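So the structure is just underneath, and the comments pick up after that.
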Amino acid sequence: MRLRNKPWAEDYIHNHSHIVELNPYERKGQWQELFDHQQPLALEIGTGKGRFIDGMARQHPEMNFIGIERDKNVIVSAIDKLNDPDVHNAQLIHENAKDLRDMFGENEVDYLYLNFSDPWPKTRHEKRRLTYYTFLEQYQNVLKDDGVIIMKTDNRQLFEYSLVSFSQFGMTLQEVTLDLHANDDGTNIMTEYEEKFSEKGQVIYRCKASFTNNTNLK
Ligand code: SAH
């Protein structure tokens with residue numbers, strides 16, 4: 001998505017420090033202090049305009065949410081959605097997620113969401129895919145032992161690639177659906193991209209994977 005540059009976005013982000021943590025590297029290991037309640041922590045990478053984190057935060061008051069988005073032109077829309085006194089359990093980070101380990105302590109995160117991540121179809125861009133093994137190493141570090149990665153995409157190549165990448169990393173698949181909307185139990189929160197692509201007739205894939213292979217899965 002090409003978006004018009006918003007020269008005011010940087011200031012806007014700084015003026016909403018109650019929603020955006022401006023010093024995420026200093027917050028490492030202490031994210032729960034930002035929230036009213038200490039409760040399971042979910043992280044979304046590539047939050048975009050924020051419909052998912054906003055919907056999830058409202059649907060799950062028993063969880064805390066953090067969204068990471070590096071593009072200032074879209075995070076401002078996520079700020080607007082979360083700038084609501086009814087929402088106490090969501091925060092944003094305006095950063096590149098490549099240094100996740102410097103922002104989150106070991107075992108600090110319970111759930112990690114990847115929604116419609118950039119597919120980077122060219123082989124020479126493989127390292128940029130958010131399911132490349134260097135990212136998985138970071139996810140493993142910040143996730144609890146029984147933590148779960150939940151990935152949604154319309155992109156079949158990225159989905160296939162990610163299943164193999166999870167497998168090669170020794171991860172356990174807990175769920176794979178090749179048509180999420182055909183199997184939706186009514187709890188699925190659609191992202192902006194999800195709505196756009198499904199309106200065009202694309203199927204939506206989802207999988208859940210964890211780094212543990214024990215039977216005490218979430
Ligand atoms: N999740 C949203 C947006 C998907 S587009 C939706 O489903 O509607 C992918 C988003 O991920 C873009 O907004 C892009 O800026 C962001 N992104 C990609 N790589 C990132 C990274 N390394 N760190 C932070 N954000 C990233």
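Atoms considered below: every heavy atom in the structure, side chains included; atoms not considered: hydrogens, waters and symmetry mates. Start at 1 and go down the list; that is how both ligands and their atoms are numbered. A quick note: this is a predicted structure, and the numbers were derived from the prediction, not measured.
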Consider ligand 1: state whether an atom of it lies below 4.0 angstrom from any non-hydrogen atom of Glu194.
-> no
A student checking ligand 1 against Glu192 at a 4.0 Å heavy-atom cut-off should list atoms 8 (O)
Any donor-acceptor pair under 3.5 Å from Ser162 side chain to Leu158 backbone | yes
Pair Glu33 + Arg27: basic N to acidic O under 4.0 Å | yes
Which atoms of ligand 1 sit under 4.0 Å from any heavy atom of Thr191?
-> 6 (C), 7 (O), 8 (O)
Please determine which of Gln39, Gln38, His37 meets the side-chain hydrogen bond (donor to acceptor under 3.5 Å, both in side chains) test together with Asn64.
-> Gln39
Would you say Asp71 has any N or O atom under 3.5 Å from an N or O of ligand 1, going by distance alone?
-> no
When you look at Lys144 and Glu108, which way does the salt bridge (charged side-chain N to carboxylate O under 4.0 Å, His left out) test go after all the steps?
-> CA-CA 6 Å; Lys144 294 201 169 72; Glu108 198 170 9; over 6 Å; no
N/O separation below 3.5 Å, Gly46 to ligand 1 = yes
Test of proximity, Tyr193 against ligand 1: N or O pairs below 3.5 Å = yes
Is the gap between the ring centers of Tyr132 and Tyr161 under 6.0 Å?
-> no
Has ligand 1 got any nitrogen or oxygen that is less than 3.5 angstrom from a nitrogen or oxygen of Glu69?
-> yes
Where the side chain of Asp118 meets the backbone of Trp120, is there a donor-acceptor pair that is under 3.5 Å apart?
-> no
Numbered atoms and elements of ligand 1 in range of Ala97, under 4.0 angstrom, heavy atoms | 21 (C), 22 (N), 23 (N), 24 (C)
Drop me the distance from Thr191's OG1 to Glu44's CD, to the nearest 0.5 angstrom.
-> 8.0 Å
For Asn96, the ligand 1 atoms with a heavy-atom partner under 4.0 Å come out as 21 (C), 22 (N), 23 (N)
Which part of Glu95 is near ligand 1, with near meaning a heavy atom under 4.0 Å away: side chain, backbone, both or neither?
-> backbone
What atoms in ligand 1 come closer than 4.0 Å to a heavy atom of Phe116?
-> 4 (C), 5 (S), 7 (O), 9 (C)
Just checking, Lys196 and Tyr193: is the charged tip under 6.0 Å from the six-membered ring centre and within 45° of the axis?
-> yes
